[in-house]
Trainee: 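Just dropping this structure here.
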Amino acid sequence: MERVFGDPLGDWRRSCYCGEPRVSSVGEELILAGWAQGRRDHGGLIFVDLRDRSGIIQIVFNPEVSPAAHDKAKQIRSEDVLAVRGLLARRPPETINSQIATGEVELLAREVKLLNASQVPPFPIEDEAEASENTRLKYRYLDLRRPRSLSPLVLRYRMCKKIRDYLDGLGFIEIETPVLTKSTPEGARDYLVPSRIYPGRFYALPQSPQLFKQILMVGGLDRYFQIVRCFRDEDLRADRQPEFTQLDVEMSFVQPEDVFQVVEVMIGLLFKELKGIDLQRPFPRLSWEQAISRYGSDKPDLRFGLELRDFSSTFQGSQVRVFSEALAKGGVVKGIAVPGGSAFSRKELTDEFPGFVGRYGAKGLAWIKLTPEWQSPIAKFLTEQERSDILQISGARSGDIIFLLADEARVVHEALSNLRLHLGERLGLIPQEAYSLVWIVDFPLLEHDPEGRRYVSVHHPFTAPRDQDLNLLSQEPLKVRSKAYDLVLNGVEIGGGSIRIHQVSLQKQVLGLLGFSPEEAEERFGFFLEALSFGAPPHGGIAFGVDRLAMILSGARSIREVIAFPKSQRAVCLLTDAPSAVDPKQLKELGIKTILGE
RNA sequence: GGGGUCGUAGUUCAGUUGGUUAGAACGCCGGCCUGUCACGCCGGAGGUCGCGAGUUCGAGUCUCGUCGGCCCCGCCA
């Protein structure tokens with residue numbers, strides 16, 4: 001049986017939000033509106049909690065106050081929409097509810113309007129109630145009625161507002177760049193948008209407004225920013241959505257220090273005003289080389305120790321063949337000492353941890369328990385010298401365990417950095433209320449494509465080499481370091497940027513190193529190269545992951561919590577069911593035919 | 001593309017070694033109740049065990065496939 005309520009709102013105007021009335025307003029007649037959160041029907045008295053985004057207040061329907069309102073209130077069910085006119089009264093002392101902000105007062109209903117009926121909600125609209133993410137996202141509008149679900153979005157809004165105010169104060173100008181734009185090669189897969197006017201041609205949605213913001217610098221904007229949606233058609237993770245938001249910043253006539261200054265004050269402001277935390281400035285800096293060497297990662301979480309140690313020199317020519325052989329092939333032997341780790345079980349050591357590092361391509365994981373007589377699969381191969389080196393390099397003590405991994409450096413670092421995080425989490429070594437910020441600087445400009453035999457940009461093709469490395473560019477390009485920098489917060493890369501190339505000749509040289517023929521460069525980036533040739537100023541900037549920053553500031557475990565309508569891991573919008581099939585007429589108009597089977 | 005994990009009432013979950021009619025709590029429906037706020041009391045309805053095959057006398061339970069949520073690898077300049 002469908003319930004339909006049709007009371008018109010009429011000329012009623014809300015007095016305030018439901019969560020606002022206090023004792024100071026007792027005696028006033030108020031009109032409140034919101035959603036019914038449950039009904040406690042005592043036959044005589046009926047209590048309804050009326051809720052809006054500000055909180056809840058108790059409405060009392062008393063037949064002695066208004067028989068009509070009391071009669072109507074019998075129909076009220078969860079999530080019905082009501083407006084109530086009544087007298088704000090102080091609650092009898094013994095009925096005060098200290099759990100809610102309005103707990104000392106209640107509204108004695110004189111008249112109620114049943115504005116709209118609700119179906120029975122699929123899950124209770126209460127913070128405490130757990131519902132699966134599946135259900136929450138399908139009925140996101142119900143989920144959002146819960147403070148716990150709304151508050152990360154509110155925090156995100158406040159964050160963006162503060163960013164805008166701050167940058168505005170520094171003379172930055174927010175400029176919108178196109179969403180329908182040109183596909184550029186490299187980087188992530190593009191989302192394509194077919195052109196109706198030019199059948200067979202496509203726009204691409206921007207992976208970032210990189211070239212536009214540089215062109216704005218050529219246009220003399222001097223200080224630009226934008227909070228902008230970006231799109232990358234790649235698989236999803238807890239911290240990756242196909243559409244995400246960047247805070248994009250670009251400045252002219254600057255060095256990295258100028259960017260750091262603007263950013264550090266901004267991040268400091270956000271922590272101060274949103275979390276009440278005073279961050280130490282300047283933020284520490286680690287060279288890329290140091291970060292990789294000590295943590296195995298270019299986005300190290302510095303909230304805890306377990307640093308990587310290098311045992312390569314110890315095991316040159318060692319009897320431990322997996323080590324010496326890896327070294328002979330140019331690899332490394334590195335490890336982590338875990339305090340108290342000799343308590344790990346055999347199952348953990350033979351299944352769990354080796355399986356874990358296996359995900360990153362490691363073929364095994366050696367371990368040494370520092371019990372009185374060392375317990376280890378490799379113990380019998382170790383010389384006295386090796387034992388003493390291991391103790392000295394690892395700094396480990398009795399009761400600790402040392403994990404050792406030998407392979408090519410890339411695999412060792414990848415596996416150990418993740419093992420480090422895994423152990424840190426598992427052993428509770430990560431202080432949950434701590435925030436560690438670090439700049440990673442001096443990235444290499446180029447690296448070898450893991451598959452092909454070509455160079456690829458570590459940052460992006462428009463990143464400037466360091467001035468003192470320019471002469472290496474033609475001879476030893478892999479040794480060239482760049483003017484790129486990342487900002488890492490608790491092991492999450494929240495921002496990255498660089499000083500850009502502003503001279504067309506250098507830009508062409510770098511594109512050449514990346515394997516673009518002059519013709520390809522012209523076809524793909526001609527418009528940009530031409531812009532550089534008309535007096536581009538030295539410039540640089542940075543882009544932040546707004547979702548990730550909001551996620552960390554709100555303590556969320558996934559960026560879906562700070563996005564109103566996120567996609568599922570299979571890139572589906574569970575609310576609308578997008579993506580979906582389209583009318584064949586639409587395809588025809590676009591000159592598109594699908595080639596999928598029936 | 002690959003690995004892991006979960007999928008049972010509206011919701012959150014339990015369900016033994018494969019064995020009678022698949023349970024609980026909350027929610028929902030009806031009745032009673034004037035101080036509740038997780039209201040209470042009495043009664044009731046509600047299930048394609050994600051879907052499809054297979055094994056078996058017999059499948060929620062075992063096998064295979066498939067779909068979906070989540071986590072991860074690959075991917076993400």
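Heavy-atom basis, side chains included; hydrogens, waters and symmetry copies ignored. So that the names make sense, note that chain A is the first sequence line, chain B the second, and so on, each numbered from 1.
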Trainee: Indicate the ring-plane relationship of A:F353 and A:H422, choosing parallel, tilted or perpendicular according to the 30° and 60° boundaries.
Mentor: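 Aromatic pair A:F353/A:H422 classed perpendicular.
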
Trainee: On RNA chain B, compare the nucleotides closest to A:R77 and A:D49; which residue's is nearer the 5' end?
Mentor: A:R77

Trainee: Is there a donor N/O on one and an acceptor N/O on the other, under 3.5 Å, for the side chain of A:R39 and the base of B:U36?
Mentor: no

Trainee: Between the base of B:U36 and the ring of A:H42 - centre-to-centre under 5.5 Å, planes within under 30° - is that a stack?
Mentor: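 Stacking is absent between B:U36 and A:H42, given that the ring centres and planes do not meet under 5.5 Å and under 30°.
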
Trainee: B:C37, B:C70, B:C75: which one has an atom nearest the side-chain heavy atoms of A:R237?
Mentor: B:C75

Trainee: Closest approach to the side chain of A:E106, judged atom by atom: which nucleotide of B:U36, B:A77, B:C76 is it?
Mentor: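 Side chain of A:E106 sits closest to B:U36.
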
Trainee: Counting heavy atoms from C-beta on, name the nucleotide in B:G1, B:U12, B:U34 closest to the side chain of A:L45.
Mentor: B:U34

Trainee: Taking a pair as Watson-Crick or G-U wobble with both distances under 3.5 Å, which nucleotide is matched to B:G27?
Mentor: none

Trainee: I'd like to check, for A:F47, whether its ring lies over the base of B:U36 with centroids under 5.5 Å apart and a plane angle smaller than 30°.
Mentor: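 Aromatic stack with B:U36 present for A:F47.
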
Trainee: Does any donor-acceptor pair link the side chain of A:R570 with the base of B:C70 at a separation under 3.5 Å?
Mentor: no

Trainee: In terms of the nearest nucleotide of RNA chain B, which residue is placed more toward the 5' end: A:L137 or A:I96?
Mentor: A:I96

Trainee: Just how far, in rounded Å, is P of B:C76 from CZ of A:R548?
Mentor: 14 Å

Trainee: Does A:R232 come within less than 4.0 Å of A:D190, counting only side-chain N to carboxylate O?
Mentor: no

Trainee: Can you figure out which of B:U34, B:U12, B:C75 approaches the side chain of A:E64 most closely?
Mentor: B:U34

Trainee: Begin with the C-alpha distance, continue with both residues' side-chain angles, and end with the deciding distance and a verdict on ring pair (Phe, Tyr, Trp, His ring centres under 6.0 Å) for A:F528 and A:F462.
Mentor: CA-CA 10 Å; A:F528 177 66; A:F462 316 105; 5.3 Å; yes

Trainee: From B:G69, B:C37, B:C76, pick the nucleotide closest to the side chain of A:R40?
Mentor: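 Of B:G69, B:C37, B:C76, B:C37 is nearest to the side chain of A:R40.
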
Trainee: Distance-only criterion, 3.5 Å: show the donor-acceptor pairs between side-chain atoms of residues 92-103 of chain A and protein atoms not counting sequence neighbours.
Mentor:
| unit_1 | atom_1 | unit_2 | atom_2 | d |
| --- | --- | --- | --- | --- |
| A:T95 | OG1 | A:P92 | O | 2.7 |
| A:N97 | OD1 | A:Q99 | N | 2.8 |
| A:T102 | OG1 | A:I56 | O | 2.6 |

Trainee: Report yes or no: is there a donor-acceptor pair, N or O only, under 3.5 Å between the side chain of A:D235 and the base of B:G74?
Mentor: yes

Trainee: Of the candidate nucleotides B:C28, B:C70, B:C72, which contains the atom at the shortest distance from the side chain of A:R359?
Mentor: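 Looking only at heavy atoms from C-beta outward on A:R359, the closest nucleotide is B:C72.
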
Trainee: Using purine N1 to pyrimidine N3 plus N6-O4 or O6-N4 for Watson-Crick, or N1-O2 and O6-N3 for G-U wobble, each under 3.5 Å, what pairs with B:U63?
Mentor: B:A53

Trainee: Checking contacts here: which listed nucleotide (B:C28, B:A77, B:C75) is nearest the side-chain heavy atoms of A:S78?
Mentor: B:C28

